[in-house]
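Order of the sequence lines fixes the chain letters, A, B, ..., with proteins taken first and strands second; residue numbering starts at 1 for each chain. Quick caveat: nothing in here was measured; it's all calculated off a predicted structure.
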Amino acid sequence: MSYNHMIGNRSFSFPDLKTLLAKASPARSGDYLAGVAAGDDSERAAAQLALADVPLKHFLNDALIPYEEDEVTRLIIDEHDAAAFEPIASLTVGEFRNFLLGPLADASALEKLAPGITPEMAAAVSKIMRVQDLILVARKCRVVTRFRDTIGLPGRLSTRLQPNHPTDDPTGVAASILDGLLYGSGDAVIGINPATDSVPAVCALLDMLDGIIHKYEIPTQSCVLTHVTTSIEAINRGRPVDLVFQSIAGTQAANDSFGVNLAILREGREAALALKRGTVGDNVMYFETGQGSALSANAHHGIDQQTCEARAYAVARKFKPLLVNTVVGFIGPEYLYNGKQIIRAGLEDHFCGKLLGLPMGCDICYTNHAEADQDDMDMLLTLLPAAGCTFIMGIPGSDDVMLNYQTTSFHDALYARETLGLRMAPEFEDWLLRMGVFDRRIIDGAERLRPREDLSPAFGAALARIA
Amino acid sequence: MKLVDTNPWAKLRRFTQARIALGRAGVSIPTKASLDFQFAHARARDAVHLPMDRDGIVARLEAAGYPAIELKSAAHDRTTYLQRPDLGRRLDEASRGKLANLAEKGAHGFDIAFIIADGLSAFAVNQHAIGMLEAVRPSLVEMNWRMAPVCVVEQGRVAIGDEIGALLGAEMVVILIGERPGLSAPDSLGLYLTYAPRVGLTDVARNCISNVRPEGQSFPIAARRLLFLLTEARRRKLSGVDLKDEADVAALQADVPQTRKNFLIGDRDPD
């Protein structure tokens with residue numbers, strides 16, 4: 001069906017739901033690249049007005065990619081929970097926004113609602129929300145996951161320690177891990193991007209991370225961010241895999257381009273579950289996503305990039321992940337051109353993920369060919385924790401020397417916690433205090449955790465091994 | 001007055017280029033480290049916009065005995081290139097005609113084609129592309145592989161290699177391309193291999209070796225890894241995800257870290 005809107009004497013017509021969604025999307029370079037963006041600001045505003053009048057029920061009957069063609073569509077339709085949807089079944093997109101902002105949508109209501117919300121509904125409502133709406137609603141969502149510690153509790157902000165090294169040199173990797181741990185980073189995961197996807201190199205890194213976590217009894221989990229089939233192979237070889245990683249996207253064709261499908265992801269999850277390595281829970285998956293990935297594989301089916309991204313979350317939630325990370329500025333300026341577009345996209349992704357019930361974190365990042373800088377990242381770094389973001393990245397000095405982009409530093413996480421009064425995962429915090437890495441101090445009447453100036457004895461012994 | 005807390009693990013800096021042990025002012029990055037970072041960012045931004053030294057590369061190729069072909073993508077300037085990856089993945093009309101002409105004259109049907117493209121860091125290509133080629137050539141000559149003329153492409157992206165490979169009738173294509181410049185590594189070269197190249201392939205059909213530069217993967221290591229992939233790709237008639245980089249042959253044992261040994265764990269490998 002087509003959607004029409006009349007403003008003054010100008011009438012706007014949108015032939016189908018995906019066109020309406022695309023034209024209602026706040027401006028970004030990837031949608032222009034795909035040729036699906038609104039032609040001008042008036043058309044965008046009209047599309048948003050028209051979208052606000054669309055009943056949520058329409059999204060259940062009007063699949064953006066036909067059911068027969070796409071397993072992500074089938075997943076969304078087949079697993080939709082009609083009972084959970086019931087409280088909002090009579091609402092339009094515009095009314096849904098009002099509902100989400102209001103007092104009826106408290107943490108427990110939102111949690112019950114999540115299985116009744118489809119990615120397209122989440123994407124649609126996000127398109128008519130301002131930045132403050134995206135923050136206010138996401139902040140109300142509670143998503144708690146567990147493996148060796150507890151991620152996502154209220155008032156907490158966790159970090160992935162990302163100790164990347166251009167050649168996976170064990171000492172170089174260990175140096176970044178130590179730096180991160182001593183700055184209180186790593187409660188979400190110690191997750192390394194290997195320099196190459198080779199099975200032996202991945203196995204060596206898995207052994208190394210496992211050795212470190214065991215020796216120091218760190219309440220966290222490790223992950224080597226390699227293709228799911230490589231993790232399965234490592235498990236087959238008896239290696240210590242905590243979390244299985246995979247990049248995922250919102251269409252079957254885009255996932256094909258990553259060399260994955262739902263069956264392979266299920267196989268990966270089952271292999272990791274069978275190892276029973278979690279101590280406080282069994283969320284064993286770590287997913288990464290990012291707006292533009294479907295388009296970059298020419299697998300977007302004419303759908304705007306933010307809606308494609310939200311559909312990836314349907315894939316993620318099927319597999320009960322510990323962590324989902326939108327790598328928002330990594331893909332480059334052809335999809336998100338500048339700081340403004342990156343900031344908005346990061347908040348949209350976080351909001352949609354949380355609304356759908358995911359433990360959403362964000363790689364607050366940019367590349368050197370994007371029109372963005374540290375000031376832009378500081379804005380997103382301040383906004384996301386205000387929105388209750390589950391975790392961010394932590395790397396030495398914001399400079400990833402392997403992937404060649406800039407993300408948040410160990411210091412940045414301390415800044416966000418300091419400014420917004422946030423803490424790390426409780427088990428990890430206890431460990432930092434027990435190890436003498438951090439201590440409690442009263443600063444201006446408030447208790448704060450701060451790095452200690454003297455070196456923790458256990459890590460002092462490690463450093464003494466180096467001449 | 002002590003303004004900055006220094007970190008007692010600064011001696012670890014010699015093991016990584018990562019910005020470790022920066023110390024802190026309160027919980028923040030101290031002034032000097034903060035401004036050093038801003039300078040590095042400015043330099044990387046400049047590297048993105050540096051043009052490829054096409055004439056110099058072609059001259060050096062010819063001096064080293066490689067026939068060379070100069071080509072252009074459909075993205076004719078840097079601004080277009082950055083916003084239109086689709087154009088950077090395809091040749092322009094003139095370049096396509098050039099290759100078609102050469103094919104008519106018999107330049108068609110090769111075992112392997114090498115392509116040099118600026119990508120996001122012409123700096124990397126200017127510095128390292130020919131050194132990398134030289135590191136793999138002896139083995140290819142020894143195996144008697146028929147090598148296509150080396151194509152030098154301006155404003156090219158990875159997938160343009162597939163179009164070129166198809167026009168040359170090459171069984172395999174390897175593109176040497178400048179990777180997005182990092183703060184500490186503005187000169188990283190990436191190598192992408194495709195078996196049976198043709199327009200429309202995605203990353204799933206390619207194998208990648210990244211971070212090729214003196215401080216990253218050296219030419220000899222990258223060359224051995226590439227040769228392993230090339231011979232396996234040819235034997236199994238495929239590339240990409242199905243062709244795992246099982247480059248753990250004896251020759252590589254010394255180069256790929258095979259151990260978890262490091263100072264955090266100690267000298268002895270338990271178990």
Is there a side chain to side chain contact (heavy atoms under 4.5 Å, CB included) between B:Gln17 and A:Met402? Walk through the geometry before answering.
CA-CA 10 Å; B:Gln17 288 195 318; A:Met402 203 283 276; over 6 Å; no
For a quick test of reading the model, state the closest non-hydrogen atom pair linking [X] to [Y] and the distance between them.
X	Y	value
A:Leu178	B:Trp9	CD2-CB, 4.4 Å
A:Pro170	B:Asn262	O-CB, 3.9 Å
B:Ala18	A:Pro396	CB-CG, 4.0 Å
B:Lys11	A:Leu463	NZ-O, 3.1 Å
B:Phe15	A:His165	O-NE2, 3.5 Å
A:Gly397	B:Leu22	CA-CD1, 3.7 Å

Region of [X] that comes under 4.5 Å of a non-hydrogen atom in chain A:
X	value
B:Arg157	side chain
B:Val204	both
B:Ser188	side chain
B:Leu264	both
B:Phe37	side chain
B:Arg14	side chain
B:Ser28	backbone
B:Thr202	side chain

Side chain, backbone, both or neither: which part of [X] has an atom under 4.5 Å from a heavy atom of chain B?
X	result
A:Leu403	backbone
A:Asp256	backbone
A:Ala461	neither
A:Pro451	both
A:Ser398	both

Any idea which of B:Ile29, B:Asp5, B:Val48 has the most non-hydrogen atom pairs under 4.5 angstrom with chain A?
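Going by pairs under 4.5 Å, I would pick B:Ile29.
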Report the option among A:Tyr32, A:Phe459, A:Tyr216 that has the most heavy-atom pairs separated by less than 4.5 Å from atoms of chain B.
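Of the candidates given, the most pairs with chain B belong to A:Tyr216.
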Side chain to side chain contact (heavy atoms under 4.5 Å, CB included) between A:Leu182 and B:Asn7, intermediate numbers included:
CA-CA 9 Å; A:Leu182 294 177; B:Asn7 297 139; over 6 Å; no
Output, in order, the C-alpha distance, side-chain angles, deciding distance and verdict of side chain to side chain contact (heavy atoms under 4.5 Å, CB included) for A:Asn368 and B:His41.
CA-CA 7 Å; A:Asn368 289 314; B:His41 181 233; 3.0 Å; yes
Is the NZ or CZ atom of B:Arg180 both under 6.0 Å from the centre of the six-membered ring of A:Phe330 and within 45° of that ring's axis?
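Yes.
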So does [Y] get a backbone contact from the side chain of [X], meaning a donor-acceptor N/O pair under 3.5 Å?
X	Y	value
A:His369	B:His49	no
B:Arg19	A:Asp400	no
B:Arg24	A:Tyr183	no

Are A:Arg450 and B:Val27 close enough, and set up right, to give a side chain to side chain contact (heavy atoms under 4.5 Å, CB included), and what steps lead you there?
CA-CA 8 Å; A:Arg450 280 295 181 82; B:Val27 296; 3.5 Å; yes
